[in-house]
2 protein chains.
Amino acid sequence: MAKAGKTKRAVTWQRDPEGMRLRILEAAKKEFANYGLAGARVDRIAAAAGANKRMLYYHVGNKEDLYLEVLEGAYEKIRTEERELDLEHLEPCDAIARLIEFTWHYFIRNPEFLALLNTENLFRAKHLKRSTKVKSMHSPFVELIRTVVDRGVARGDFQVAMDPVQLYISIASLSFFYLSNSATLSVIFGRDLLKKDARDARLSHMIGLVLASLTGRSAAEFGQPTPASLRNPSPQLA
Amino acid sequence: MAKAGKTKRAVTWQRDPEGMRLRILEAAKKEFANYGLAGARVDRIAAAAGANKRMLYYHVGNKEDLYLEVLEGAYEKIRTEERELDLEHLEPCDAIARLIEFTWHYFIRNPEFLALLNTENLFRAKHLKRSTKVKSMHSPFVELIRTVVDRGVARGDFQVAMDPVQLYISIASLSFFYLSNSATLSVIFGRDLLKKDARDARLSHMIGLVLASLTGRSAAEFGQPTPASLRNPSPQLA
DNA sequence: ACAGTATTTATCCAACGGGTTAATTTCTCT
DNA sequence: AGAGAAATTAACCCGTTGGATAAATACTGT
């Protein structure tokens with residue numbers, strides 16, 4: 001409720017357009033992530049933002065405009081964090097491991113991002129295609145991966161020069177699917193895939209998988225080994 | 001329209017309850033896959049099934065019952081095909097490769113399955129949890145993978161004994177994410193990920209990735225090499 | 001042929017939900 | 001102080017949508 005001064009004359013304070021806008025976008029992000037575009041309710045967003053429904057239309061536009069802005073914001077956020085990560089000076093293996101860790105933790109910290117991407121894919125990227133904003137926000141990772149892979153191959157650390165796009169997609173896949181589908185997978189396998197132990201095991205599995213395939217060394221060499229409690233779990237259904 | 005005789009007395013034919021039911025479920029599957037649960041329209045399902053809306057309620061129940069039945073049907077279908085695949089007698093490497101290929105092609109042939117899973121995960125598996133039916137339909141793959149991995153380790157083909165659940169999830173991940181998110185990924189990378197060349201490249205990449213990490217041999221040894229046209233593509237945006 | 005049941009159709013409706021209109025309040029600038 | 005613009009609120013509008021009611025039609029067994 002209490003808010004920091006922002007505009008030049010911080011005197012009287014009943015209104016706060018910029019703050020309102022942000023609260024609307026934040027509320028909308030949660031709403032769209034929780035219910036999808038069709039399931040999202042404009043009134044609920046307004047209420048959560050501490051606003052009137054009319055405000056959405058005043059500040060952002062209609063439901064789809066709002067959705068697109070949320071989506072763009074989500075891409076912008078991940079691209080920003082990606083850029084801050086700079087991995088150029090790490091050893092090839094370490095760089096790849098760091099990349100996997102970053103992706104994994106980013107998805108864990110931002111589950112709405114996963115949900116928004118799924119929603120957007122349900123619409124076959126209809127909105128994304130209209131967004132010049134997102135299309136110009138290149139992930140730095142593809143080029144980064146290319147140089148890391150080349151470096152790794154040159155040094156003899158890596159055995160093959162993988163297509164960086166394939167590798168990038170694969171790294172994203174391993175985290176994304178696990179987290180995005182954790183609800184159904186947990187039911188089917190009868191174990192909680194989101195508890196601490198399971199998450200730790202997943203991360204080292206992924207690092208092992210990718211690095212082993214790049215280096216040709218054993219997957220067991222990378223990361224801490226899988227805790228014994230998870231090595232040979234009872235199958236499906238608790 | 002014309003239908004095969006089914007009940008004992010195939011004489012007059014204005015009505016066909018079983019056929020109607022199937023047509024409704026088929027139409028519903030497409031509708032839910034295309035629009036999600038919230039976006040799906042009961043009237044559209046009815047129309048697509050060549051039926052009256054009232055028929056849905058007569059034959060299946062309300063929208064959510066219908067959805068759950070579609071979901072259960074989708075799981076049943078993949079579990080059935082999985083079971084028909086039996087891979088027991090293949091060499092470990094071949095078995096894993098076949099598993100990857102099956103998963104990949106199944107997802108390509110059944111895009112609705114991917115969409116339904118995403119929808120269900122949006123609901124945090126709320127419906128699946130209620131379904132005793134699905135919970136009892138174990139995928140044969142986890143146990144299969146366990147034996148294949150053990151066999152591969154025993155023969156010295158594989159270097160490590162991976163947790164079969166992790167491996168199963170990873171194999172599914174690599175196909176699922178690529179296909180389910182192909183719309184947004186295609187926009188972001190500025191290339192069509194679903195065209196024939198790209199699909200072929202993806203499949204061999206996945207097989208290479210997984211088998212290399214299991215065997216410790218180079219990823220390049222498995223499957224046909226990536227076509228030159230895709231080895232070093234221009235990055236993001238056409 | 002006829003009673004009884006299963007299946008299908010034709011309408012209706014109340015709630016919902018996105019979007020709008022118009023009035024009100026608060027800030028800014030002079 | 002007061003006019004004009006910006007922000008906010010309250011109330012309404014109306015097409016949509018899931019679901020229900022009731023009547024009609026086709027099939028079954030006798």
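Remember, predicted model here, so these are calculated numbers, not experimental data. First the proteins, then the strands, lettered A, B, ... as listed; each starts at 1.
The salt bridge (Lys or Arg N to Asp or Glu O under 4.0 Å) search around A:E101 returns none, not counting sequence neighbours. For the side chain to side chain donor-acceptor pair (under 3.5 Å) test, residues two or more places apart in sequence or in another chain that qualify with A:S131 are A:E72. The side chain to side chain donor-acceptor pair (under 3.5 Å) search around B:Y178 returns none, not counting sequence neighbours. Contacts of A:E120 classified as salt bridge (Lys or Arg N to Asp or Glu O under 4.0 Å), with partners at least two apart in sequence or in another chain: none. For A:D43, the salt bridge (Lys or Arg N to Asp or Glu O under 4.0 Å) partners two or more places apart in sequence, or in a different chain, are A:K53. Residues that satisfy the salt bridge (Lys or Arg N to Asp or Glu O under 4.0 Å) test with A:K63, not counting sequence neighbours, are absent from this structure. Under the side chain to side chain donor-acceptor pair (under 3.5 Å) criterion, A:R41 pairs with no residue, sequence neighbours left out. Considering only residues two or more places apart in sequence or on other chains, A:R130 meets the side chain to side chain donor-acceptor pair (under 3.5 Å) condition with none of them.
In this structure, NZ of B:K63 is placed 14 Å from P of D:dA20, rounded to the nearest angstrom. The CZ atom of B:R21 sits 12 Å away from the P atom of C:dT8 (whole-angstrom rounding). Atom CD1 in B:I24 sits about 15 Å away from atom C1' in D:dG18, given to the nearest Å. What separates CE of B:M20 from P of C:dA6 is a distance of 18 Å, to the nearest Å. In this structure, the CG atom of A:L66 is 10 Å from the P atom of C:dG19, given to the nearest Å. When rounded to the nearest whole Å, the span between CG of B:N62 and P of D:dA20 equals 8 Å. Protein atom CZ of B:R41 is 14 Å distant from nucleotide atom C1' of D:dG19, rounded to whole Å.
Of the residues in residues 27-40 of chain A, not one comes within less than 4.0 Å of DNA chain D through any heavy atom. Within a heavy-atom distance below 4.0 Å of DNA chain C, no residue of residues 119-126 of chain B is found. Near-neighbour residues of DNA chain D inside residues 47-60 of chain B, defined by a heavy atom below 4.0 Å, number-ordered: B:K53, B:R54, B:Y57.
Side chains of B:V165 and B:I145 form no contact here, defined as non-hydrogen atoms less than 4.5 Å apart.
Under the ring-ring contact (aromatic ring centres under 6.0 Å, His included) criterion, the residue pairs touching residues 43-86 of chain B are B:F32-B:Y67, B:Y67-B:H127, B:Y75-B:F113, with sequence neighbours excluded.
Between B:R109 and B:E81, at least one side-chain nitrogen of the basic residue sits less than 4.0 Å from a carboxylate oxygen of the acidic one, meeting the salt-bridge criterion.
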